[in-house]
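A quick write-up on the structure given underneath.
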Amino acid sequence: MLWLAPTPLVIASKSAVRRAMLAAAGFPLEVGEADIDERAVETRGGPVAPDQAALLLAREKARVAVARFPGHYVIGADQTLALGDRRFNKPENRAAAREQLKALGGQTHALHSAVAVAKDGRVIFSHVETARLTMRRLTDRFLDAYLDTAGDAVTTSVGAYQLEGLGIHLFERIDGDHFTILGLPLFPLLAFLRREGCLAG
């Protein structure tokens with residue numbers, strides 16, 4: 001048995017991809033979503049860099065959710081996307097998704113993925129990693145085809161793409177860890193859980 005803790009791991013995230021990642025890695029999972037005002041958390045102490053924003057949000061999600069799960073390890077995670085100084089959020093509709101993709105086309109942007117772990121009321125681990133992704137130049141014809149095929153999925157993730165699906169057609173180069181790109185720096189998380197003794201070493 002890989003998971004040695006007496007209670008399941010809890011993930012405080014709405015992301016089906018993160019849940020699937022952890023389930024595929026053999027974790028017994030419970031879901032404990034954390035309802036937070038992300039923009040308020042980001043600006044609480046003044047402006048922060050995109051990587052630190054991801055870290056703040058991951059820590060806050062873990063901190064809020066852990067109150068409902070005493071004795072459990074609770075994971076919070078978040079991801080931000082930046083093109084230079086410009087931050088991107090999930091597009092509200094197809095038109096906003098198209099605008100984002102036009103801005104990202106032919107450019108290299110940064111995905112910052114953060115994870116935090118809380119237990120018994122406090123955050124005991126947090127980590128952020130960055131991947132850099134280069135989109136190819138996108139023609140209007142391709143954008144129409146991509147948006148038609150992807151449908152509403154473009155509004156469910158920052159950057160208007162899922163790299164593990166149709167989003168792969170947008171890119172010409174990727175530099176970074178696969179799990180970080182999907183929104184959870186899994187290797188540092190596994191190493192922490194092994195150090196804690198709740199994951200078989």
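Here, residue 1 is the first one in the sequence, and each next residue gets the next number.
A donor and an acceptor atom, one from each side chain of Ser157 and Gln162, are located under 3.5 Å apart. Residues Ser113 and Glu129 have side chains that never bring a donor and an acceptor to within less than 3.5 angstrom of each other. No side-chain N or O of Thr108 forms a donor-acceptor pair with one of Arg132 less than 3.5 Å apart. The closest side-chain donor-acceptor pair between Thr130 and His112 falls under 3.5 angstrom.
In summary, Arg98 and Asp140 engage in a salt bridge, as defined by a charged side-chain N under 4.0 Å from a carboxylate O. Between Arg94 and Asp148 there is a salt bridge, with a side-chain nitrogen of the basic residue lying less than 4.0 Å from a carboxylate oxygen of the acidic one.
The shortest heavy-atom contact between Val74 and Ala65 is CG1-CB, 3.8 Å. Here the closest heavy-atom approach between residue Val115 and residue Leu184 is recorded as CG2-CD1, 3.7 Å.
Looking at heavy atoms from C-beta onward, Val48 lies out of side-chain contact with Leu55 at the 4.5 angstrom threshold. Using a 4.5 Å heavy-atom threshold, the side chains of Glu164 and Leu182 count as touching.
Annotation: the span from Leu9 atom CG to Ile75 atom CD1 amounts to 4.0 Å, rounded to 0.5 Å. Annotation: the span from Leu56 atom CG to Asp78 atom CG amounts to 10.0 Å, rounded to 0.5 Å. Put simply, CG on Leu111 and CG on Leu163 are 8.5 Å apart, with the number rounded to the nearest 0.5 Å.
At distances below 3.5 Å, at least one donor-acceptor pair connects side-chain atoms of Arg68 with backbone N or O atoms of Glu33. Side-chain atoms of Arg19 come within 3.5 Å of backbone N or O of Ser13 as a donor-acceptor pair.
Note: His109 and Tyr161 meet the aromatic proximity criterion, with ring centroids under 6.0 Å apart.
The hydrophobic cluster containing Leu143 also contains Leu83, counting ILVMFWY residues as joined when their side-chain heavy atoms lie under 4.5 angstrom apart, directly or transitively. Hydrophobic clustering places Phe171 together with Leu104 (ILVMFWY residues linked when any side-chain heavy atoms are closer than 4.5 Å, directly or through intermediates).
Cation-pi geometry between Arg136 and Phe142 is satisfied (NZ or CZ under 6.0 Å from the ring centre, within 45° of the ring normal).
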